[in-house]
Visitor: 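Take this structure, written in structure tokens, and hold onto it; I'll ask about it next.
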Amino acid sequence: MTTSQKHRDFVAEPMGEKPVGSLAGIGDALGKRLEERGFDKAYVVLGQFLVLKKDEDLFREWLKDTCGANAKQSRDCFGCLREWCDAFL
């Protein structure tokens with residue numbers, strides 16, 4: 001699987017206070033919808049990812065239901081968070 005520059009940039013360093021839009025697969029429109037629902041930082045989305053026990057199907061379904069992410073967007077975001085966790089947790 002090839003990854004985007006956005007993905008590589010995200011997983012290359014600690015998350016800190018990065019905005020939700022810094023996650024791979026999350027552009028301006030999805031980022032705004034997530035922010036409106038209280039998911040304003042990447043670490044808040046990470047929290048949901050962890051609550052769902054890093055389960056790909058559950059996380060991708062949650063992302064679709066929460067902000068309308070399509071299959072590619074949810075796959076990219078899941079892969080980004082999974083790789084970040086592998087590197088930093």
Side-chain angles (χ1 to χ4, degrees):
M1 173 179 124
T2 60
T3 56
S4 65
Q5 186 63 48
K6 189 174 182 181
H7 174 110
R8 291 188 296 275
D9 289 346
F10 189 86
V11 301
E13 61 188 13
M15 195 175 301
E17 295 287 323
K18 289 182 181 179
V20 69
S22 65
L23 287 161
I26 306 298
D28 292 340
L30 295 185
K32 184 166 173 40
R33 286 186 214 134
L34 284 165
E35 287 172 9
E36 289 168 354
R37 288 161 180 82
F39 296 90
D40 58 331
K41 300 284 186 185
Y43 69 79
V44 184
V45 177
L46 172 67
Q48 184 65 29
F49 175 80
L50 295 173
V51 165
L52 296 173
K53 298 183 178 181
K54 304 183 198 176
D55 181 279
E56 182 170 5
D57 293 335
L58 290 175
F59 179 77
R60 291 179 63 187
E61 186 69 23
W62 171 82
L63 204 56
K64 178 182 154 197
D65 292 346
T66 304
C67 67
N70 66 30
K72 181 184 185 321
Q73 292 163 329
S74 65
R75 184 174 53 249
D76 289 351
C77 188
F78 173 83
C80 182
L81 286 171
R82 182 186 56 208
E83 189 173 326
W84 188 92
C85 286
D86 289 347
F88 292 98
L89 290 185

Visitor: Check whether any side-chain heavy atom of M15 sits under 4.5 Å from a side-chain heavy atom of F10, and report yes or no.
Guide: yes
Visitor: Considering only heavy atoms from C-beta outward, does the side chain of L63 approach that of I26 to under 4.5 Å?
Guide: yes
Visitor: Roughly how far apart are L23 CG and F39 CZ, rounded to 0.5 Å?
Guide: 12.0 Å
Visitor: When rounded to the nearest 0.5 angstrom, what distance separates CD in Q73 from NZ in K64?
Guide: 12.5 Å
Visitor: If you take all heavy atoms of R37 and T66, which pair is closest and at what distance?
Guide: NE-O, 2.8 Å
Visitor: Can you name the nearest heavy-atom pair linking H7 to D76, along with the distance?
Guide: ND1-O, 4.4 Å
Visitor: Taking R8 for its side chain and T3 for its backbone only, find out whether a donor-acceptor pair lies under 3.5 Å.
Guide: yes
Visitor: Taking all heavy atoms of V11 and all of W84, pick out the closest pair and write down the distance.
Guide: CG1-N, 3.8 Å
Visitor: Donor-acceptor check, side chain of S74 to backbone of A71, threshold 3.5 angstrom: yes or no?
Guide: yes
Visitor: So which atom in F88 and which in E13 form the shortest heavy-atom distance, rounded to 0.1 Å?
Guide: CZ-C, 3.3 Å
Visitor: Are L50 and V20 linked, directly or through intermediate hydrophobic residues, by side-chain heavy-atom contacts shorter than 4.5 Å (ILVMFWY only)?
Guide: yes
Visitor: How close do K54 and C85 get, heavy atom to heavy atom, and via which atoms?
Guide: NZ-CB, 4.3 Å
Visitor: Is the ring pair F78/F59 parallel, tilted or perpendicular, if the boundaries are 30 and 60 degrees?
Guide: tilted
Visitor: Minimum heavy-atom separation for D40 to V44, with atom names?
Guide: OD1-CG2, 3.9 Å
Visitor: In plain terms, say whether D28 and K32 are close enough for a salt bridge, that is, a side-chain N and a carboxylate O under 4.0 Å apart.
Guide: no
Visitor: Rounded at 0.5 Å granularity, tell me how far CG in D65 sits from CZ in R60.
Guide: 13.0 Å
Visitor: Could you tell me if the side chain of Y43 sits less than 4.5 Å from the side chain of K18, heavy atoms only?
Guide: no
Visitor: Measure the shortest side-chain to side-chain distance between L58 and E61 over non-hydrogen atoms and say whether it is less than 4.5 angstrom.
Guide: no
